[in-house]
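Step one of this worksheet: look at the structure below.
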Amino acid sequence: MSFFAERCGAWGAAASERLLREVQERGLERVRVAFADLHGLQRGKTLMPAALQGALENGVGVVSTLLLKDSSDRTAFKVFEPGALDGLPGFGHANNLVLVPDPSSFTTLPWAPGTGWLRGDLFFDDGRPVAVEPRRVLRAAVEALAGAGFGLVCGLEVEFHVYRIVDDGLDPAQADWPGEAPRVQLLHPGWQLLGEAHADRAEEALAVVQRTAQGLGLPLRSLEIELGPSQVEAVFDPCDALTAADRMVAFRNGVKQALRRAGYHATFVCRPPFDNVMASGWHLHQSLVELASGHNAFVRERPAGRPDEATQWLSDTGAQWLAGLLAHAAGATALAVPTVNGYGRFRPNAMAPMAALWARDHRGAMLRVLGGAGDAATRIENRVGEPLANPYLYLASQVFAGLDGLARRLVPPPAAAEVYGGHGEPLPTSLAAALDAFAADAVLQQGLGAPLAHLYDTVKRHEIARHAVAGDALAWERREYFARY
Ligand code: GLU
Ligand code: MG
């Protein structure tokens with residue numbers, strides 16, 4: 001009788017043996033096995049070393065509702081009612097999924113002594129892969145792109161907020177679902193963009209961020225003071241899309257835990273629930289690598305076309321990719337900005353976009369084109385996303401949008417001369433409107449797959465409905481997003 005992992009094609013004998021040896025040699029006391037849920041949050045179990053071999057061979061059972069939860073952890077489907085899960089083949093009455101650890105993902109956690117970590121892939125108990133697992137969705141997207149001869153290269157710029165914890169808010173008498181957020185103090189008062197004195201004030205906390213990112217092997221380039229009170233930014237070197245998404249999840253996960261241990265509260269919510277804040281964006285730099293040659297496929301030899309045409313700066317491939325991102329901007333916003341809170345960011349003159357437009361080196365445009373003829377670093381920066389986006393789903397949306405641009409040889413409109421004040425196709429102004437646009441976008445629906453589209457729509461509308469009936473919307477966002485993400 002073969003192992004479960006063997007039957008579902010996830011077994012590597014040599015890699016598993018190496019891992020078991022390493023865990024023993026390092027004297028690790030425990031190993032966490034995790035996967036990223038629909039919100040990009042890590043979930044899993046902590047295994048004792050003696051249980052690791054069994055887990056590698058036969059996986060770890062986890063309840064399937066883990067993939068059906070909204071941002072408060074409420075299951076958005078009535079899983080015990082007949083027909084409730086018709087659109088999600090394989091999901092049953094809180095049945096088991098099998099989490100199979102991938103030995104190649106092994107790392108130790110820099111903030112948690114004696115603790116190893118493994119990412120797992122989810123399977124149904126008959127060995128079929130769980131297609132709606134977000135990481136699997138991006139893997140499928142990357143494979144489709146490779147079929148066209150390209151790889152997506154992504155560079156991350158992540159804005160977020162870090163506060164000092166004054167009171168943990170963990171009084172058992174106040175426990176609730178979801179619980180109250182900690183009471184916090186600012187790390188720096190803000191309104192001194194890139195100010196060195198602010199960086200100095202924030203250094204103790206930012207050193208924790210640095211050690212965590214580097215300890216996890218993430219290619220951190222810089223840590224910066226952003227404009228808003230207690231707002232900071234981390235910038236990473238580019239890498240392939242799947243690795244970039246893994247790194248975004250690892251960064252958020254690690255930074256929150258490590259800072260918490262040091263007495264700080266990190267949050268990736270776009271607009272923390274205070275009067276005086278600046279919204280956080282997640283700026284996603286992207287280019288294509290030609291897999292055969294290793295060259296940046298967005299680079300052209302010399303400018304072509306009129307002064308406001310994309311071919312001044314980008315190759316024909318780059319211009320088509322740009323046009324694909326614009327054509328699917330409204331639908332992709334549902335994945336780039338997945339919270340009710342994130343839509344408060346789209347304001348004029350706030351360096352956040354309001355319309356599906358592009359322009360050269362323009363921080364008010366959704367797509368900021370950088371580089372130009374002969375420049376190997378030529379790329380498109382998509383400024384639409386918020387840092388809470390599930391990176392697997394957001395990046396997958398970019399792949400399918402861009403691929404459609406290539407397949408149909410779309411030609412982008414001229415560069416925007418003005419970006420605010422009603423110019424260009426407006427971006428959705430609410431999560432509900434973005435979900436409508438996603439539902440109406442056949443390319444994204446097909447790319448991400450009907451089950452994932454159904455799952456995402458149901459979970460997010462569940463969240464919207466709960467927000468709509470909340471008496472105090474700010475308190476809802478504080479508990480639901482600020483405290484937890
Ligand atoms: N915080 C702005 C945003 O919401 C971006 C500011 C910047 O360009 O650094 O995207
Ligand atoms: Mg910034």
Q. Run the salt bridge (charged side-chain N to carboxylate O under 4.0 Å, His left out) check on Arg484 and Asp73 step by step: do they pass?
A. CA-CA 10 Å; Arg484 298 162 53 81; Asp73 245 48; 3.5 Å; yes

Q: Please assess Glu290 against His295 for the test side-chain hydrogen bond (donor to acceptor under 3.5 Å, both in side chains), listing each intermediate value before the final yes or no.
A: CA-CA 5 Å; Glu290 241 172 49; His295 291 148; 4.8 Å; no

Q | Beyond-backbone contact of Trp358 with Leu325, side-chain heavy atoms, under 4.5 angstrom | A | no

Q) Is the shortest heavy-atom distance from the side chain of Trp117 to the side chain of Leu216 under 4.5 Å? A) no

(Q) Name the residue from Leu38, Leu455, Leu431, Asp70 that meets the side chain to side chain contact (heavy atoms under 4.5 Å, CB included) definition with Lys460. (A) Leu431

**Q.** Salt bridge flag under 4.0 Å for residues Arg466 and Glu463
**A.** no

Q) If you round to the nearest 0.5 Å, how far is SG of Cys270 from CD of Glu159? A) 9.0 Å

Q: Go through the steps for Val399 and Phe150 under the test side-chain contact (heavy atoms from CB on, under 4.5 Å), then give the verdict.
A: CA-CA 10 Å; Val399 171; Phe150 297 110; over 6 Å; no

Q: Compute whether any side-chain donor of one residue and acceptor of the other, for Trp321 and Gln286, lie under 3.5 angstrom apart.
A: yes

Q: Taking the side chain as every heavy atom from C-beta outward, state whether His161 and Val232 have any pair of such atoms under 4.5 Å apart.
A: no

Q: Please report the shortest heavy-atom distance between Arg119 and Ser105, naming the atom on each side.
A: N-OG, 2.7 Å

Q: To the nearest 0.5 angstrom, please state how far the CD atom of Gln185 sits from the OH atom of Tyr163.
A: 12.5 Å

Q. Does Arg368 reach the main-chain N or O of Ala365 with its side chain, forming a donor-acceptor pair under 3.5 Å?
A. no

Q | Check: Phe298 and Leu288 side chains under 4.5 Å, non-hydrogen atoms | A | yes

(Q) Looking only at the side chains, is there a donor atom on one of Ser104 and Asp102 sitting less than 3.5 Å from an acceptor on the other? (A) yes

Q: Could you tell me whether Arg409 and Asp316 have a side-chain N and a carboxylate O separated by less than 4.0 Å?
A: no

Q) If you round to the nearest 0.5 Å, how far is CG of Leu388 from NE2 of His39? A) 10.5 Å

Q: First locate atom OG1 of Thr212, then atom CG of Leu109, and finally report the distance between them rounded to the nearest 0.5 Å.
A: 10.0 Å

Q) For atom CD of Glu425, is the number of surrounding heavy atoms from other residues, nucleotides or ligands below 6.0 Å larger than 12? A) no

Q.
Determine whether a donor-acceptor pair (N or O, by modelled atom type, separation under 3.5 Å) exists between the side chain of Arg74 and the backbone of His462.
A. no

Q) So which pairs with a foot in residues 426-451 pass salt bridge (Lys or Arg N to Asp or Glu O under 4.0 Å), sequence neighbours left out? A) Asp436-Arg461

Q.
So, taking the atom named CG in Leu122 and the one named CG in Leu67, what distance separates them when rounded to the nearest 0.5 Å?
A. 6.0 Å

Q. Can you find a heavy atom in the side chain of Leu395 that is under 4.5 Å from one in the side chain of Leu284?
A. yes

Q. Are Arg479 and Tyr485 in a cation-pi contact, defined as NZ or CZ under 6.0 Å from the six-membered ring centre and within 45° of the axis?
A. no

Q: Verify salt bridge (charged side-chain N to carboxylate O under 4.0 Å, His left out) between Asp308 and Arg360, making sure each step is shown before the conclusion.
A: CA-CA 9 Å; Asp308 61 356; Arg360 171 107 210 309; over 6 Å; no

Q. Can Leu427 and Met354 be said to form a side-chain contact (heavy atoms from CB on, under 4.5 Å), step by step?
A. CA-CA 6 Å; Leu427 290 171; Met354 294 185 70; 5.7 Å; no

Q: Report yes or no: does Asn253 contribute a side-chain atom to a donor-acceptor pair with the main-chain N or O of Leu41 at less than 3.5 Å?
A: no

Q: Would you please test Asn349 and Tyr420 for side-chain contact (heavy atoms from CB on, under 4.5 Å) and show each step?
A: CA-CA 7 Å; Asn349 307 312; Tyr420 296 123; 3.4 Å; yes

Q: Please assess Phe91 against Phe77 for the test ring-ring contact (aromatic ring centres under 6.0 Å, His included), listing each intermediate value before the final yes or no.
A: CA-CA 11 Å; Phe91 284 79; Phe77 294 79; 8.2 Å; no

Q: Would you mind checking if Asp375 and Arg300 are paired as a salt bridge, meaning a charged N to carboxylate O distance below 4.0 Å?
A: no

Q. Per the side-chain hydrogen bond (donor to acceptor under 3.5 Å, both in side chains) rule, which among Gln320, His328, Gln446 passes with Asp404?
A. His328

Q. For the residue pair Arg252 and Gly40, what are the closest heavy atoms and their distance?
A. NH2-O, 3.5 Å

Q: Nearest 0.5 Å please: distance from the CZ atom of Phe251 over to the CG atom of Leu220.
A: 6.5 Å

**Q.** Side-chain donor/acceptor of Arg363 to backbone N/O of Ala352, under 3.5 Å
**A.** no

Q | Side-chain heavy-atom pair Thr267, Phe160 within 4.5 angstrom cut-off | A | no

Q.
I need the minimum non-hydrogen distance between Tyr481 and Ser71, along with the two atoms involved.
A. CE2-OG, 3.6 Å

Q. Can Glu477 and His467 be said to form a side-chain hydrogen bond (donor to acceptor under 3.5 Å, both in side chains), step by step?
A. CA-CA 8 Å; Glu477 291 181 34; His467 182 263; 3.1 Å; yes

Q) Under 3.5 Å, side chain of Ser230 to main-chain N/O of Leu187, donor-acceptor pair present? A) yes

Q: Look only at the side chain of Glu233 and the backbone of Leu223, and say whether a donor-acceptor pair between them is shorter than 3.5 Å.
A: no

Q) Short question: side chain of Arg271, backbone of Arg345 - any donor-acceptor pair under 3.5 Å? A) no

Q | 4.5 Å side-chain heavy-atom contact, Leu314 and Glu309 | A | no

Q: Report yes or no: does His362 contribute a side-chain atom to a donor-acceptor pair with the main-chain N or O of Gly364 at less than 3.5 Å?
A: yes

Q) Taking NZ, NE, NH1 and NH2 as the nitrogens, is one of them in Asp246 or Arg135 under 4.0 Å from a carboxylate oxygen of the other? A) yes

(Q) Run Asp37 and Lys69 through salt bridge (charged side-chain N to carboxylate O under 4.0 Å, His left out) and show every step you take. (A) CA-CA 9 Å; Asp37 73 6; Lys69 288 173 177 293; over 6 Å; no

Q. How about Glu381 and His285: does a side-chain donor come under 3.5 Å of a side-chain acceptor?
A. yes

(Q) Could you check whether any side-chain N or O of Ser64 sits under 3.5 Å from a backbone N or O of Leu97, counting only pairs where one atom can act as donor and the other as acceptor? (A) no

Q) Any side-chain donor paired with an acceptor under 3.5 Å for Asp240 and Thr243? A) yes

Q: Determine yes or no for a side-chain-to-main-chain donor-acceptor pair under 3.5 angstrom, with His188 supplying the side chain and Gly195 the backbone.
A: no

Q | Which atom of Leu357 lies closest to which atom of Leu326, heavy atoms considered | A | N-CD2, 3.6 Å

Q) Please walk me through it: do Asn296 and Thr378 pass side-chain contact (heavy atoms from CB on, under 4.5 Å)? A) CA-CA 8 Å; Asn296 180 345; Thr378 299; 4.3 Å; yes

Q. Strictly by modelled atom types, are Glu386 and Ser280 linked by a side-chain donor-acceptor pair under 3.5 Å?
A. no

